[in-house]
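Every heavy atom of this structure was used, including side-chain atoms; hydrogens, water molecules and symmetry mates were not. Positions are given from 1 along the sequence.
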Amino acid sequence: MAASVQAAAPAKPARLGLCAACHGETGQAQIPGAPNLAGQKLDYLREALKQYRDGRRNVPLMRAAIGPMSDADLDELARWYSAQTPLPPTQGNP
């Protein structure tokens with residue numbers, strides 16, 4: 001059973017490094033203001049990445065980071081982040 005679960009997990013994308021600098025390798029944001037991507041819906045991530053790349057979402061940092069990526073690259077990233085398990089919210093000190 002564990003082998004079938006592992007087989008279904010997406011391979012780590014070759015282009016993950018630049019994304020991981022802000023969003024974390026497992027989709028947990030590394031810097032303030034960057035959203036967590038772990039567990040987001042695949043279709044949402046895929047479309048959002050295309051919109052950043054194509055300039056329909058005007059965020060210069062994102063456009064610079066993913067501007068040269070192909071649809072296949074963006075699909076790998078979307079699959080990777082959507083397959084990650086989000087961390088439960090942390091509770092602040094009382």
Chi angles and distances behind the side chain to side chain contact (heavy atoms under 4.5 Å, CB included) call for S82, Y44: CA-CA 9 Å; S82 69; Y44 169 78; over 6 Å; no

Which pairs pass salt bridge (charged side-chain N to carboxylate O under 4.0 Å, His left out) with one or both residues in residues 29-39, sequence neighbours excluded? none

Any carboxylate oxygen within less than 4.0 angstrom of a Lys/Arg side-chain nitrogen, looking at D54 and R56? yes

Is it possible for you to say whether L42 and W80 belong to one hydrophobic cluster, with membership spreading through side-chain heavy-atom contacts below 4.5 Å? no

Treat each ILVMFWY residue as a node, draw an edge where side-chain heavy atoms are under 4.5 Å apart, and state whether V59 and L45 are in one component. yes

State, to 0.1 Å, how close T85 and Q28 come at their nearest heavy-atom pair, and which atoms those are. O-NE2, 3.8 Å

First locate atom CG of L77, then atom CD1 of I66, and finally report the distance between them rounded to the nearest 0.5 Å. 8.0 Å

I need the L49 CG to E76 CD distance, nearest 0.5 Å. 12.0 Å

Could you pull out the closest heavy-atom pair between P86 and A38, with the gap in Å? CG-O, 3.6 Å

Find out whether R63 and Y52 are in side-chain contact, i.e. whether some heavy atom of one side chain is under 4.5 Å from a heavy atom of the other. no

For C22 and A34, work out which heavy atoms get closest and say how close. O-CB, 3.6 Å

Worked check of salt bridge (charged side-chain N to carboxylate O under 4.0 Å, His left out) between K12 and E25: CA-CA 9 Å; K12 189 182 212 180; E25 189 170 301; 2.9 Å; yes

Could you tell me whether a side-chain N or O of H23 sits under 3.5 Å from a main-chain N or O of N36, the two making a donor and an acceptor? no

Show, in sequence, the C-alpha distance, side-chain angles and deciding distance for R46 and D75, and conclude whether the side chain to side chain contact (heavy atoms under 4.5 Å, CB included) test is met. CA-CA 6 Å; R46 187 183 288 137; D75 189 59; 2.7 Å; yes

Can a salt bridge be assigned to the pair R53 and D71 using a cut-off of 4.0 Å between side-chain N and carboxylate O? yes

Connected via hydrophobic side-chain network under 4.5 Å: L37 and L18: no

